[in-house]
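Okay, structure first, notes after.
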2 protein chains.
Amino acid sequence: MKSQDNNHKVTSLQDIAKKLGVSVTLVSLVLNGKAKQSRISDKIAEKVLLMAKELNYRPNQLARGLRTGKTNTIAFIMADISNIFFARMARVVEDEAEKYGYKVMFGSSDENPVKLERMLNMFLERKVEGFIISPTLGSLKLIRQLKEKNIPFVLIDRFFRNLDTNYVVVDNFDASYKAVSHLTKFGYKKIGTLSIFPELTQMNDRLNGYKDALSDAGIRFENKYVGKVDFENFRESVYENVRKLLMPPYNIRALYFQTCIMGIVGLECIREMKFRVPLDVAVVSFDDPAEYKLFETPVTAIKQPIDEIGLKAVNILVDELKSKSSGLQKVVLPTRFMVRRSCGNLRYG
Amino acid sequence: MKSQDNNHKVTSLQDIAKKLGVSVTLVSLVLNGKAKQSRISDKIAEKVLLMAKELNYRPNQLARGLRTGKTNTIAFIMADISNIFFARMARVVEDEAEKYGYKVMFGSSDENPVKLERMLNMFLERKVEGFIISPTLGSLKLIRQLKEKNIPFVLIDRFFRNLDTNYVVVDNFDASYKAVSHLTKFGYKKIGTLSIFPELTQMNDRLNGYKDALSDAGIRFENKYVGKVDFENFRESVYENVRKLLMPPYNIRALYFQTCIMGIVGLECIREMKFRVPLDVAVVSFDDPAEYKLFETPVTAIKQPIDEIGLKAVNILVDELKSKSSGLQKVVLPTRFMVRRSCGNLRYG
DNA sequence: ATTTTAAACTAAATCGATTAAATTACTCTG
DNA sequence: CAGAGTAATTTAATCGATTTAGTTTAAAAT
């Protein structure tokens, strides 16, 4: 005998109503806790509750959402969920949103505005109520439209200077300035850096922090010391740039990685080149993944408050969804500079 | 003037129908590409398409799902999306599912069957069509129920020996056996290991692989050399176990970490204890995170085919959803043993 | 001229909830 | 005892799609 589709039909309000010989309305009211205010007799209310349990009733959220216009769902669109920074944040967002009764749907845009648009639309079709977004390059128009449609959203990690929105970011300029100043205080004069997507606000801020730190240390900025990494061809590009900076004619002996994904690959390259950290190259990096503590020479790094970013983003969004919001919220969180040993052991004033 | 709610009402089929003076049915048929088979005149069909584009029509997927019973959505419940293993797999699953037109919803169970049940129910209320699940300890009953309800699902990472289901796992026994044999071939007689959740099938297999490798090398298994890590108190527990094994009276000089999350913390502990790898301790580990390549002494490790697991899981699930499936599929994928330098440089037979 | 047939389109039911408004059956009040 | 008031419940509309079963009109066949 083959497996007939034991179609264990899912229980609906109707099923309960029929079994008890009452109306669907009554059942709905009871199960939504409105028995008292609708003056439904305790006897019947109890029966309904019992039957619902017995039949293992679970509301169909599609139907409910269609009727009420509320899905209790938000979407989190990030660059790439397999990136540890976002993965960690995804987890925080998931947990925090749950506290307020929201389910989160995730999506990866791959820094591609076309994908981002597809995702936005797909999520809108599914009636999510709000978004947390790390906007890609070239997505200004999309985000502006979202705003015009009055759809609640919070930007994270990046934002647009010329668009008034909620956002939660870190103080990239400040962090970058401190990191590079750390190197200048060690006496390094030639400081190279690896950059990627310099058009993104946060990456631009990081570059400016680098420039200002140099300038304040009386060092002339040299464009050729800025390695521009190609996202499409990531790994090779990092290798190429690190090699170029460390080898003649540049012979750079201090490197600032503007993201950890570049840093991790870059350090691999440094290792392969048989350069020692910090003896042959001093290194600082934006972001502070678990890796950095484990290196032979633990890496001095800028730690972003990932959890706080996630928490804050959810809080702002939920405020707006429950219309407790009092205008747009712009949050700039501080970073922590984790001094380890990758720049040497010198102590400075 | 304050922001009045410019309620940019979303376009529905009705809106299009009214504008054109035709029926909703007709609009629906055209937009679903059934114009030809429903003998709708080209002229009107074209008008509909145009108007839909003009009004930027997007189908309400709640309504569609309610009516058709299809949501084109699957759920992926893992232990923890901030764990790099699952984060990476989440990404693969997201991309692969999209190829078949499915959207994925993610959830973290924290190895907690109560949470897992809540999630299952929540996803079922939202009418996901199938699941990919890494089942927690104590979830046999839940999974059995899922099976009885004829809801399509694929287990990953772990499965139940006494429950017939789809699954995609790796050959844990074999991988473990090879890793430990690697150590015995280096001449180590006392080999410690860190274990966690030994009741989970895959962890049990790893333990058995360890035992058999010892036995085949003529080494007696000592239960006291198996450190049992406590999940609740993770970090401290790893430290405590590593210390116990490396210090007198055990003085163990070879360690096998049964997961990378233990390995990473364990190596941190080893570093703090000023033990050198592999001079003072040889190390092998299950899992192969990016970290391991970057260590001062790159770690010899068992690399799981994360992408393949994700791909295969999606394929099996989609097969079943499109009812192309021919019975349950049980897939055991091979691992790759990445020999690096954490056991020393000796070359053996 | 009448019946068939085909083409082009529509009415209405349905999915499973929520909710405003209505109904029924009492009990009270003056 | 008519009319008001209230408690307990139901009717029916609605959300936005899909889909079955028609309907209408005109052309083709008899």
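Keep in mind that this is a model prediction, so the values were computed, not measured. A, B, ... follow the sequence lines: proteins, then strands. Residue 1 opens every chain.
Donor-acceptor pairing under 3.5 Å, judged by distance alone, is absent between the side chain of S23(B) and the base of dA11(C). Between the side chain of T25(A) and the base of dT9(D), no donor-acceptor pair under 3.5 Å is found. Between the side chain of S28(A) and the base of dT19(C), no donor-acceptor pair of N or O atoms lies under 3.5 Å.
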>> Set out, in order, the CA-CA distance, both residues' side-chain angles and the distance that settles ring pair (Phe, Tyr, Trp, His ring centres under 6.0 Å) for F231(B) and F197(B), then state yes or no.
In response: CA-CA 8 Å; F231(B) 181 66; F197(B) 290 127; 5.2 Å; yes
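Rounded to whole angstrom, the span from the CG atom of N32(A) across to the P atom of dG16(C) amounts to 17 Å. L124(A) has its CG atom 15 Å from the P atom of dG16(D), to the nearest Å.
Across all strands, I44(B) comes closer than 4.0 Å only to sugar-phosphate atoms, never to a base (heavy-atom distances). Nucleic acid contact for V24(B): base, since at least one base atom lies under 4.0 Å from a heavy atom of the residue.
Taking 4.0 angstrom as the limit, S41(A) places a side-chain polar atom (N or O) nearer than this to OP1 or OP2 of dT9(D). A close approach under 4.0 Å does not occur between any side-chain nitrogen or oxygen of S12(B) and OP1 or OP2 of dG16(D). Remark: R64(B) is in phosphate contact with dT18(D), judged by side-chain N or O atoms under 4.0 Å from OP1 or OP2. Distances shorter than 4.0 Å separate none of the side-chain N or O atoms of R67(B) from OP1 or OP2 on dA17(D).
For K34(B), whose side chain is taken as the heavy atoms from C-beta onward, the closest listed nucleotide among dA17(C), dA17(D), dT19(D) is dT19(D).
Checked against the 6.0 Å centroid threshold, F159(B) and Y167(B) count as a close aromatic pair.
No side-chain donor from either of Q61(B) and T71(B) sits under 3.5 Å from a side-chain acceptor of the other.
Two residues are said to be in side-chain contact when any heavy atoms from C-beta on lie closer than 4.5 Å; L155(B) and N166(B) fail this criterion.
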